[in-house]
Amino acid sequence: MSTNLTRRSVLQLGGLAGIALAAGCSSGPPAGTATWAMWSSSAAEKKVWEDFGKYVEKQLGVKSVATLTPSSGYPTKLDLQLVSGTASLVTALNGTLIPTYAARGAHRPLDDLIAADPDFKLDDFYETSRKISGFNGKTYAIGFDVAPTVMYYNKDLLKKQGVPLPSRTEPMSWATFRDLAKQLTKPGEQYGFTCAPAIDDLVSWIYCAGGNVMSADASRNTLGDPEAMEALQFVIDLFVKDKVTPPIKNLVTESSLSNFMQGNVAFMQNGPWQVVNARKAKFDWDIIPFPAGANGSTPRVSGSSFAIPSGVREGAELDLAWKLLKTLTSTGALDIYAKAGRNNPARLSAGSAFQPPPDNLGIVQDILAGKVAGGHAFDVTTNWNQVKQLLGQDLPRTFLGQVSVPEAINGLTPRLDVLMRQHLDTVRQATARKG
Amino acid sequence: MAISTADTAPVTTAPVPAKQAPPPRWRSREALTAWLFILPSLIGFLIFTAGPVVAAGVISLLNWNLFSAPTWAGLHNFARLGPDPTFWSALGSTAYFTLVSVPLTILVSLALALLLNQGLKRIAVFRSLLLLPYATITVAVAFVWIWLYIPHDGLVNAVLGWFGINGPAWLISDTWAMPALILMSVWKSFGFGMVVFLAGLQAIPQQLYEAGRVDGTSPWKSFRHITVPMLSPALFFVIVTSVIGSFQVFDQALIMTNGGPGTRTTTLVMYIYRTGFENYDQGYAAAQSLVLFAFIVLITAGQFLFQRKLVHYDN
């Protein structure tokens, strides 16, 4: 059977399709909607953000719309939304990227909003979280989680080997840690230690040795300084010389958590944000403070925050954005986050919601409060993506024994210093804009 | 004899209306129909291809970090390409990938097409099976190949082990990371060429082979003097599209090696992406993409010039 289409009916069909297309391309939720953006890479994570959404709706009495994106694609999507003016009222930011966005004017400072709001107490947030959320003397974001890197250990494996369990509060020395890792390694069968072959993990050792990636004024890279070199060499030796780590099969997919979950690795360097995943382990495990170097136990402290894009208009829109940001970082919301075990909340008043297991989870807050060991806020530049990219090219080759630590650092130094100078230029421009 | 002039006298006839000129070809009904058919594609091309190329041209002349107002940079972004070692390394890696993967893909595609053209039973089944890698998403395939390449337990090294060969740590080796990517890419893309070649082979008139047999032509000569010339348009098409595709290689390198170790497998498109969207240097990324565009245009133009001598068309 054939059907004859007249020109009019074709035009009508075309018109209907056009209307449907236009409806599909509408400009987003109506004004007055509490829109926010967050990364989410699992069903469990999604559930937490859905609960956040319900909490927001209950507290603010407006509709909450969360744009959830897998963490790997989140920065790119956020960039495009910021540029196209379609970003949410509040956006989540990883602490390492706050200076990047702030320096480029992508997000607005919050100091005026904080000063005008007597109900908001910034003191209730850990100092490190406040440091991570600031740039150039201004507050650009409010933290929702913050935590130091710790050492996970497989209790069953240590007991099986007859090794006494380490102190729950006193960090062991690097030398002790190395001996233990060697003692617990049976090549091809069992390993003493695992960490990611990347700067994010290396930096904790560098801080503990008293070094840093950059000088205090960020005018030059300091990876070649003796303290940093000592730390780098120590970790690389664990991989290449002592061979106490599982063999690296692929630099992209290498995962310390996945190695640890196999049950044949004694120690894993990671943050409390992995507690939720480690709870699936089929063995008994716990956490202890990070091993102490010459500078003590001062591993990386990192966190994430919520911020308001610069494109949010003054008036009702900004009022709603600020209320939303306060709600998303309120004790009630962070209780939901911490109870789900996602990570240590950035607010002191929400701390009690981050509960064991593991037994020794309390050290996370003790470390942040300075009662046990210590921590070091993750120092980053306004071009941290580039720094990380450069370090990600050459440093992993040292873990494979393809180049020595001095060779890698010597090769990196001129390019790193160029990036440091670019960072200083960006800071100067941001300061001039502010003035 | 009087000569009548009636026949030669100018004949004055009633004015005939001038014959109406046909409408220009572009306004004919057929032409309008044709335009209507190509319009959706044309609109898509203008919006998603031509538009961005023009935009890239403009952006390449600016300093733009996405968030602040762009400032004029002139040709500075192009001047930055010269002393940038990562750009040249990425260009070299991309050229290496193209120079090895394209000939290999064509050889494998052609060999399989020739095999399938031998009057095999259930040819449709084989054709579909062999086309599967091409029809599968690159990201999924890349993850499978990561497993295949695992140094000790991976299938590739296990197979090599049967022959007493101690396989390398493919994806983390300075030497073997790029060949590993190339091998995976050849496996992923041979299906497309195979289908095009098979269609080309099936369109070659059998009389030509019969005539060759009558003249006592050997199979090799038959292939060399009948198959290759008759298949040359298909070969040309596959070479052009494969070269363009290879210069744009991105996803498998991103997933399998993230450009490493070092910058061994950092391709040009990967570097452009990082420059633009991780380093927020849109002007420089646009300049790089225009250089890549120019490379592809030049190489493709060269191929079109070359094909006049080598490609045989029936008409």
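Note on naming: letters A, B, ... go to the chains in the order of the sequence lines (proteins, then strands), and numbering restarts at 1 for each one. Computed from a predicted structure; not experimentally measured.
Using a 4.5 Å cut-off between heavy atoms, Arg104(A) touches chain B through backbone and side chain atoms alike. Proximity to chain A (any heavy atom under 4.5 Å) is shown, for Tyr149(B), by neither the backbone nor the side chain.
In terms of heavy-atom proximity, Asn385(A) sits nearest to Glu278(B) at ND2-O, 2.9 Å. The two atoms that bring Phe277(B) and Asp79(A) nearest to each other are O-OD2, 3.6 Å, heavy atoms only.
Residue Gln386(A) holds its CD atom at 3.5 Å from CG of Asn279(B), rounded to the nearest 0.5 Å. Here Ile150(B) contributes atom CD1 and Asn250(A) contributes atom CG; the two are 8.0 Å apart, rounded to the nearest 0.5 Å. Separation of atoms CD (Gln389(A)) and CG (Asn258(B)) is listed at 8.5 Å; rounding is to 0.5 Å. Here the OG1 atom belonging to Thr86(B) is positioned 7.5 Å from the CG atom belonging to Leu390(A), to the nearest 0.5 angstrom.
No other option in Val252(A), Leu395(A), Leu97(A) has as many heavy-atom pairs under 4.5 Å with chain B as Val252(A). For the options Ile172(B), Thr266(B), Ile255(B), heavy-atom pairs under 4.5 Å to chain A are most numerous at Ile172(B). Chosen from Ile248(A), Leu400(A), Asp394(A), the residue pairing most often with chain B at heavy-atom distances under 4.5 Å is Leu400(A).
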Test Val83(A) against Trp64(B) for side chain to side chain contact (heavy atoms under 4.5 Å, CB included), laying out the working first. CA-CA 11 Å; Val83(A) 173; Trp64(B) 187 34; 4.2 Å; yes
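Residues Tyr273(B) and Thr76(A) bring a donor and an acceptor atom of their side chains to less than 3.5 Å of each other.
Counting only heavy atoms from C-beta outward, the side chains of Leu171(B) and Lys249(A) never approach each other to under 4.5 Å.
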